[in-house]
Amino acid sequence: MAGEERNMPFIKHLASSDRKTRNSALGTLRTFLTAPTTARKLTDLDHLKLWKGLFYSVWMCDRPIPQQNLCADLADLLSVLPVPKDDECAVVIPFLRAFWATLAREWTAIDVLRMEKYLLLVRRVFGASLIWVRDGKKDKTGKTWTGARADGMLQLLEEWPLEKTGNLSRVPVGLRLHVLDIWVDEAEKVELLIEKEGDESSDGSHEFLNRLRHIVEAQSKSPCKPVRVRAKESLDDERLPGNKVDPLGEEMDGEERNDRDSWDGFDD
């Protein structure tokens with residue numbers, strides 16, 4: 001505890017029952033995280049300590065509007081974290097790994113009255129994660145969605161919220177189900193679902209979406225039936241490319257859509 005207070009004394013204030021104290025601590029944390037040398041030196045244990053404090057900051061936050069603002073502020077921390085030139089993922093991915101580890105550890109202890117704000121926090125952080133990938137450097141082929149950030153984020157999702165071994169003691173069912181509920185929504189917000197001509201997109205979004213879908217498909221083989229069902233439902237979402245539905249409610253493949261859109265002249 002002494003070491004924790006010496007290095008990051010604001011952590012205990014993140015969980016204060018006083019709103020002004022919590023807000024002040026969050027501002028201090030934001031400034032602390034913007035320092036490149038400081039952020040990169042943080043250990044996995046340091047990140048876990050930070051997220052434990054942030055978890056209880058959400059716990060202590062009352063009333064809908066402050067809760068919404070706090071969840072947005074925590075997700076926005078990704079935008080201020082430094083991005084080292086030699087390794088874009090060196091700071092953000094460990095920070096997010098601690099987020100998912102903390103939520104997974106605490107999930108089953110969240111009571112029904114507090115659950116809604118944590119569902120919102122997960123949504124906001126997941127969405128901010130996709131934005132972070134989108135805003136990364138272009139790879140050698142000029143694509144942003146296939147660079148180091150994309151690789152790091154997909155590996156993290158497969159390691160934590162959508163880990164494929166079905167270890168429910170590592171990632172609780174409720175957390176898995178929520179991520180399966182929101183991933184299509186958040187992918188749509190960053191324009192990952194826009195259908196493009198051909199098999200590839202100029203920015204790599206098509207490839208990223210396919211890789212994300214494969215991770216979700218692994219959940220459809222989970223030993224837990226609710227997870228399997230929810231994964232299949234999300235993969236059948238009509239917003240996903242290839243799942244379009246015609247006015248009669250029947251799915252159409254690419255050839256059928258082309259035939260439907262073409263005009264062969266008037267009937268004799």
Side-chain angles (χ1 to χ4, degrees), residues 33 36 39-40 42 44 47-48 50-51 54 71-72 74-104 119-165 167 170-171 175-194 200-219 231 234-235 237 240-241:
L33 291 175
R40 192 160 188 179
L42 293 177
D44 291 341
H47 284 115
L48 288 171
L50 283 175
W51 272 110
L54 292 172
C71 290
L74 296 189
D76 191 54
L77 289 174
L78 295 188
S79 68
V80 303
L81 289 172
V83 181
K85 292 183 179 180
D86 61 321
D87 184 357
E88 287 191 87
C89 299
V91 175
V92 170
I93 294 301
F95 183 76
L96 284 174
R97 181 177 291 111
F99 164 75
W100 290 114
T102 300
L103 266 291
L119 294 175
L120 178 62
L121 176 62
V122 170
R123 179 182 286 273
R124 293 288 177 264
V125 172
F126 189 92
S129 299
L130 294 183
I131 291 173
W132 180 78
V133 174
R134 183 197 63 190
D135 295 342
K137 296 178 182 178
K138 295 181 179 180
D139 63 10
K140 294 180 180 180
T141 63
K143 299 178 179 181
T144 55
W145 286 100
T146 57
R149 293 193 187 191
D151 291 339
M153 190 62 65
L154 290 168
Q155 289 172 11
L156 176 62
L157 293 177
E158 196 169 26
E159 175 187 350
W160 272 104
L162 298 177
E163 69 87 30
K164 59 185 179 181
T165 67
N167 185 349
R170 179 179 174 86
V171 181
L175 181 55
R176 292 175 190 262
L177 293 178
H178 185 51
V179 174
L180 291 171
D181 278 339
I182 66 174
W183 77 273
V184 177
D185 294 340
E186 300 308 312
E188 183 178 38
K189 292 176 183 177
V190 292
E191 300 183 344
L192 276 173
L193 308 187
I194 297 177
E200 296 187 358
S201 53
S202 59
D203 60 358
S205 58
H206 183 87
E207 295 93 317
F208 183 89
L209 180 61
N210 279 341
R211 293 174 67 187
L212 182 55
R213 288 173 84 160
H214 287 320
I215 293 174
V216 175
E217 285 173 359
Q219 298 299 304
S234 72
L235 290 168
D237 193 304
L240 289 172

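Since this is a predicted model, take the numbers as computed values, not measurements.
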Trainee: Of all heavy-atom pairs between Pro241 and Leu209, which one has the smallest distance, and what is that distance?
Mentor: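 Smallest interatomic distance, heavy atoms only, reads CD-CD2, 3.7 Å.
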Trainee: Just by distance, with hydrogens left out, do Asn210 and His214 show a side-chain donor and acceptor under 3.5 Å apart?
Mentor: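 Note: Asn210 and His214 side chains miss the donor-acceptor criterion.
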Trainee: Would you check if the side chain of Arg176 reaches a backbone N or O of Glu163 as a donor-acceptor pair within less than 3.5 Å?
Mentor: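 Yes: the side chain of Arg176 pairs with the backbone of Glu163.
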Trainee: Between Pro82 and Ala39, which heavy-atom pair has the shortest distance, and what is it?
Mentor: CG-CB, 3.6 Å
Trainee: Show the nearest heavy-atom pair for residues Ala128 and Ala75, with the distance to one decimal.
Mentor: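 Taking every non-hydrogen atom into account, CB-O, 3.6 Å.
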Trainee: Give a yes or no on whether the backbone of Ala98 and the side-chain of Trp160 come within a donor-acceptor separation of less than 3.5 Å.
Mentor: no
Trainee: Is there a side-chain contact between Leu96 and Met153, using heavy atoms and a 4.5 Å cut-off?
Mentor: yes
Trainee: Dump the intermediate steps for side-chain contact (heavy atoms from CB on, under 4.5 Å) on Leu33 and Val91, then the final yes or no.
Mentor: CA-CA 10 Å; Leu33 291 175; Val91 175; over 6 Å; no
Trainee: Would you call the rings of Trp100 and Phe126 parallel, tilted or perpendicular if under 30° counts as parallel and over 60° as perpendicular?
Mentor: perpendicular
Trainee: Around Lys189, counting heavy atoms of other residues, nucleotides and ligands shown, do more than 12 lie under 6.0 Å from its NZ?
Mentor: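 Yes, because the 6.0 Å sphere around NZ of Lys189 holds more than 12 heavy atoms from other groups.
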Trainee: If you measure from CG on Asp237 to CG on Leu193, what distance do you get to the nearest 0.5 Å?
Mentor: 8.0 Å
Trainee: Determine whether Lys85 and Lys137 make a side-chain contact, defined as any pair of heavy atoms from C-beta on separated by less than 4.5 Å.
Mentor: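 Contact flag for Lys85/Lys137 side chains = yes.
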Trainee: Indicate yes or no for a side-chain donor-acceptor contact from Gln219 to the backbone of Leu162 under 3.5 Å, with no hydrogens or angles considered.
Mentor: yes
Trainee: Parallel, tilted or perpendicular: which fits the ring planes of Trp145 and Phe208, with parallel below 30° and perpendicular above 60°?
Mentor: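 If you compare the ring of Trp145 with that of Phe208, the planes turn out tilted.
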Trainee: State, to 0.1 Å, how close Val216 and Leu180 come at their nearest heavy-atom pair, and which atoms those are.
Mentor: CG1-CD2, 3.8 Å
Trainee: With heavy-atom distances below 4.5 Å as the criterion, would you say the side chains of Leu235 and Glu217 are in contact?
Mentor: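 They are in side-chain contact.
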Trainee: State the CG-CZ distance between Leu154 and Arg211, to the nearest 0.5 angstrom.
Mentor: 4.5 Å
Trainee: Start with the C-alpha gap between Val125 and Ser129, add the side-chain angles, then the distance that decides, and say whether side-chain contact (heavy atoms from CB on, under 4.5 Å) holds.
Mentor: CA-CA 6 Å; Val125 172; Ser129 299; 4.2 Å; yes
Trainee: List the steps and the verdict of side-chain contact (heavy atoms from CB on, under 4.5 Å) for Glu88 and Val133.
Mentor: CA-CA 10 Å; Glu88 287 191 87; Val133 174; over 6 Å; no
Trainee: Indicate yes or no: at least one non-hydrogen side-chain atom of Arg97 is less than 4.5 angstrom from one of Trp51.
Mentor: no
Trainee: Minimum heavy-atom separation for Gly136 and Thr144, please, with both atom names.
Mentor: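 Smallest interatomic distance, heavy atoms only, reads O-CG2, 3.6 Å.
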Trainee: Hey, is the main chain of Glu159 close enough, under 3.5 Å, to the side chain of Arg170 for a donor-acceptor pair?
Mentor: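 Yes; at least one donor-acceptor contact below 3.5 Å.
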Trainee: Once you round to the nearest 0.5 Å, how far does CG of Asp151 lie from OG1 of Thr146?
Mentor: 8.0 Å
Trainee: Is there a donor-acceptor pair under 3.5 Å between the side chain of Arg123 and the backbone N or O of Ile182?
Mentor: no
Trainee: Say you draw a straight line from CG of Leu121 to CG of Leu103; how long is it, rounded to the nearest 0.5 Å?
Mentor: 6.0 Å
Trainee: Take atom NZ in Lys138; do more than 12 heavy atoms of anything else shown fall under 6.0 Å from it?
Mentor: no
Trainee: Starting at CD of Glu158, measure out to CG of Leu212 and round the result to the nearest 0.5 Å.
Mentor: 10.5 Å
Trainee: State, yes or no, whether a side-chain contact exists between Val179 and Glu186 at a heavy-atom distance under 4.5 Å.
Mentor: no
Trainee: To the nearest 0.5 Å, how far apart are CZ in Phe99 and CG in Leu77?
Mentor: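 Answer rounded to 0.5 Å: 11.0 Å.
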Trainee: Answer whether the closest heavy-atom distance between the side chains of Arg149 and Val92 falls below 4.5 Å.
Mentor: no
Trainee: Below 4.5 Å, heavy atoms only, C-beta onward: do Leu42 and Leu50 meet side chain to side chain?
Mentor: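 Yes, their side chains come closer than 4.5 Å.
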Trainee: Quick one: are Cys89 and Trp132 in side-chain contact, heavy atoms under 4.5 Å?
Mentor: yes
Trainee: Check Pro94 against His47 and note the closest heavy-atom contact, atom names and distance.
Mentor: CB-CE1, 3.7 Å
